[in-house]
Amino acid sequence: MVTTSIPVWETHSPAHICPFDQACSYLDWAGKELKLDAGLLEILSHPRKVVTVSIPVKLDRGEIRVFAGHRVQHSDVLGPYKGGIRYHPAVTLREVSALAMLMTWKCALLGIPYGGAKGGIPIDPKQFSIGELERISRRYISELIKDIGPSVDIPAPDMGTSAREMAWMMDTYSVNVGHAVPGVVTGKPISIGGSRGREMATGRGVMIIVREALADRGQSLAGAKIAIQGFGNVGGAAAQLLHQAGAKIIAVSTGNGGVFSEHGLDIPALKAYAAENRRSILGFPHGTFISNADLLTLPCDVLIPAALENQITEDNASQIQAKMIAEAANGPVTLEANHTLEGRGVIVLPDILANAGGVVVSYLEWVQGLSYLFWDEERVNREMEHLMVQAYRQVMQQSKARQVNLRLAAYTLGVGRVAQALTDRGLYP
Ligand SMILES: NC(=O)C1=CN([C@@H]2O[C@H](COP(=O)(O)OP(=O)(O)OC[C@H]3O[C@@H](n4cnc5c(N)ncnc54)[C@H](O)[C@@H]3O)[C@@H](O)[C@H]2O)C=CC1
Ligand SMILES: O=C(O)CCC(=O)C(=O)O
């Protein structure tokens, strides 16, 4: 087992499953399959840089609060650090470190010239006014000014953040350096150099990978029964695109539960309902209540966890009735659960492949910005689809060649490419 030296001042993960230990277990598994040298694995198991800053902010009612803001830069062997920024109460340094490592393998698997990073602030954005969120976001980026930049580390949205936060961050960075630097973040509004298609990109990527995986099994999206946990940027977009493609979305949930309909939910109506009800879907009239736990064990063709990590564990893996799981979230299935599911013949489309559409379009946004030439949405979607399908085919090929499941196939490709680059750069003797 690889070891790690995440600083001891870390506040401990509230969940009983440590996400960073999980990420290291996956790395360890890939390392064994690739027969990587122990020293090389040791390097890959450590983030290159871990930054935690204090964010003092005056709230609307006059009170001063100080929040912790993390940014973990796992690897820049293949290019600038890349990865989202999460605002969620469960954020810990260990979680951010795990997510940063996943970004490294994801970018390598997709063949885009980035390393991996992630950032996060342990807050519930719903508890703050827009003005407070703006002050938090601006101060966080001011504190990280020396650690980020368009050729150093390029943040993007993740849970709890969106184009709005990216715009504040781009502006804060630009004001600090004295000129506009759109390339410092991706997932920005189109008005300041964002890419068409980025908002729907992660959900679109999920739809593409599910479509390919079903097609390989002789099934089409039309009529496929799908359950989705999470109805935010990723889950909402995936639901919309899958619904448009004719799939039957039988259940959708948010943090406080969801709705179920055996006949399939009217996704445009559900989206409109959520927009009117501060993103809650409870009480939607055309369906019945379902808990998050029950949603996960529904009989369906495809289960799409699109919220938090560690949702499918040893505790519920044997009850999963889906034939296929597409990991739209990062790390929703634990290693042990993955083994149980594999033993039961459930196909798991791994996060570093299934949810890569977001970072792929972030890359396309960065490329458009660097070349001062912006594409229409059709071109963005086409280029993204090409990279997603190419990566899917490579994972399938690797799975066959090595006789391993799709997660190990994806990991051996991602980890293997980073290990090769590290060696070629002379960083590993
Ligand atoms: N935004 C992006 O471009 C990308 C996001 N991801 C991953 O997708 C996942 C979701 O991210 P976003 O959609 O951007 O976040 P979001 O903040 O837009 O939406 C999150 C959704 O999850 C729900 N949720 C929160 N806690 C929950 C719980 N305990 N049980 C069930 N649902 C819960 C929320 O109510 C909301 O519907 C995360 O794991 C993120 O890392 C992965 C790749 C890119
Ligand atoms: O778009 C990006 O750069 C990063 C997206 C992200 O955080 C992820 O893929 O988990």
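From a predicted model like this one, the values you see are computed outputs, not experimental measurements. Order of listing sets the numbers, starting from 1, for every ligand and every atom in it. Atoms considered below: every heavy atom in the structure, side chains included; atoms not considered: hydrogens, waters and symmetry mates. Throughout, residue positions are numbered sequentially from 1 according to the sequence presented.
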Please determine which of I312, I228, L298, V333 meets the side-chain contact (heavy atoms from CB on, under 4.5 Å) test together with L303. I312
Do any nitrogen or oxygen atoms of L308 lie less than 3.5 angstrom from nitrogen or oxygen atoms of ligand 1? no
Could you tell me whether some N/O pair between G235 and ligand 1 is separated by less than 3.5 angstrom? no
Looking at ligand 1, is there an atom of it that comes within less than 4.0 Å of some heavy atom belonging to G84? no
Under the ring-ring contact (aromatic ring centres under 6.0 Å, His included) definition, can you give me all pairs with a residue in residues 123-163, not counting sequence neighbours? F67-F128
Which residue and atom name correspond to the protein heavy atom nearest atom 38 (C) of ligand 1, and how close is it? A307 O, 3.1 Å
For ligand 1, find out whether one of its N or O atoms is nearer than 3.5 Å to an N or O atom of A329. no
T202, portion touching ligand 1 at heavy-atom distance under 4.0 Å: side chain
Tabulated below should be the N or O atoms of ligand 2 paired with protein N or O atoms at under 3.5 Å; can you produce that?
residue	atom	partner	partner atom	Å
ligand 2	1 (O)	R198	NH2	3.0
ligand 2	1 (O)	S362	OG	2.6
ligand 2	3 (O)	K82	NZ	2.6
ligand 2	3 (O)	S362	OG	3.4
ligand 2	7 (O)	G84	N	2.9
ligand 2	7 (O)	K118	NZ	2.7
ligand 2	9 (O)	K106	NZ	2.6
ligand 2	10 (O)	K106	NZ	3.0
ligand 2	10 (O)	K118	NZ	2.7
ligand 2	10 (O)	N330	ND2	3.0

Can you report which non-hydrogen protein atom sits closest to atom 10 (C) of ligand 1, along with the distance? A306 O, 3.3 Å
Sort out for me which residue in V177, I141, L144 forms a side-chain contact (heavy atoms from CB on, under 4.5 Å) with T172. I141
Under a 3.5 Å threshold, yes or no: a donor from one side chain and an acceptor from the other, between Q321 and T297? no
Cut-off 3.5 Å, side chains only: do E342 and N338 have a donor facing an acceptor? no
Is V234 in polar range of ligand 1, meaning some N or O pair under 3.5 Å apart? yes
Separation between CG of N330 and CG of D158, rounded to the nearest 0.5 Å: 6.5 Å
Check: of T254, L99, D158, min heavy-atom distance to atom 32 (N) of ligand 1 comes from T254
Please state which part of A328 comes within less than 4.0 Å of ligand 1, counting heavy atoms only: side chain, backbone, both or neither. backbone
Parallel, tilted or perpendicular: which fits the ring planes of W366 and Y363, with parallel below 30° and perpendicular above 60°? tilted
For ligand 1, the portion of A156 having any non-hydrogen atom under 4.0 Å away: neither
Could you say whether the N/O atoms of R198 and ligand 1 ever approach to under 3.5 Å? yes
Checking heavy-atom distances from atom 33 (C) of ligand 1 to each of G255, S362, A354, the winner is G255
Just checking W105 against Y26, ring centres under 6.0 Å apart? no
Atom 37 (O) of ligand 1: which protein heavy atom is closest, and how many Å away? F231 N, 2.9 Å
Can you list every pair that meets salt bridge (Lys or Arg N to Asp or Glu O under 4.0 Å) and has a residue in residues 248-271, with sequence neighbours left out? K225-E262
Taking 4.0 Å as the limit for heavy-atom contacts, which would you say applies to N292 with ligand 1: side chain only, backbone only, both, or neither? side chain
So, do M166 and P157 sit near enough that their side-chain heavy atoms are less than 4.5 Å apart? yes
Heavy-atom nearest option to atom 7 (C) of ligand 1, drawn from T186, N330, V361, D351: N330
Just jot down the ligand 1 atoms closer than 4.0 angstrom to any heavy atom of G232, in number order. 13 (O), 18 (O), 19 (O), 21 (C), 36 (C), 37 (O)
Would you say D147 and R71 make side-chain contact, with heavy atoms under 4.5 Å? no
Salt bridge (Lys or Arg N to Asp or Glu O under 4.0 Å) pairs, two or more places apart, involving residues 198-213: R211-E385, E212-R393
What I want to know is whether N355 and ligand 1 share at least one N or O pair that is separated by under 3.5 angstrom. no
Region of R86 that comes within reach of ligand 1 [heavy atoms, distance under 4.0 Å]: side chain
Counting C-beta onward and ignoring hydrogens, is there a side-chain heavy-atom pair between N256 and S280 closer than 4.5 Å? yes
Would a 4.5 Å heavy-atom cut-off, applied to side chains only, mark R379 and R382 as touching? yes
Shortest protein contact, atom 20 (C) of ligand 1 (heavy atom only): M159 CE, 3.6 Å
Within a strict 4.5 Å, meaning less than it, do heavy atoms of the Y81 and V72 side chains meet? no
Say whether N233, considering both its backbone and side-chain N or O atoms, lies within less than 3.5 Å of an N or O atom on ligand 1. yes
closest protein heavy atom to atom 17 (O) of ligand 1 is G160 N, 2.9 Å
Least distance between heavy atoms, I154 atom then P80 atom: CD1-CB, 3.9 Å
Restricting to non-hydrogen atoms, name the atom on L349 and the atom on M324 that form the minimum distance, rounded to 0.1 Å. CD1-SD, 3.8 Å
For ligand 1, is there an N or O atom under 3.5 Å from any N or O atom of G230? no
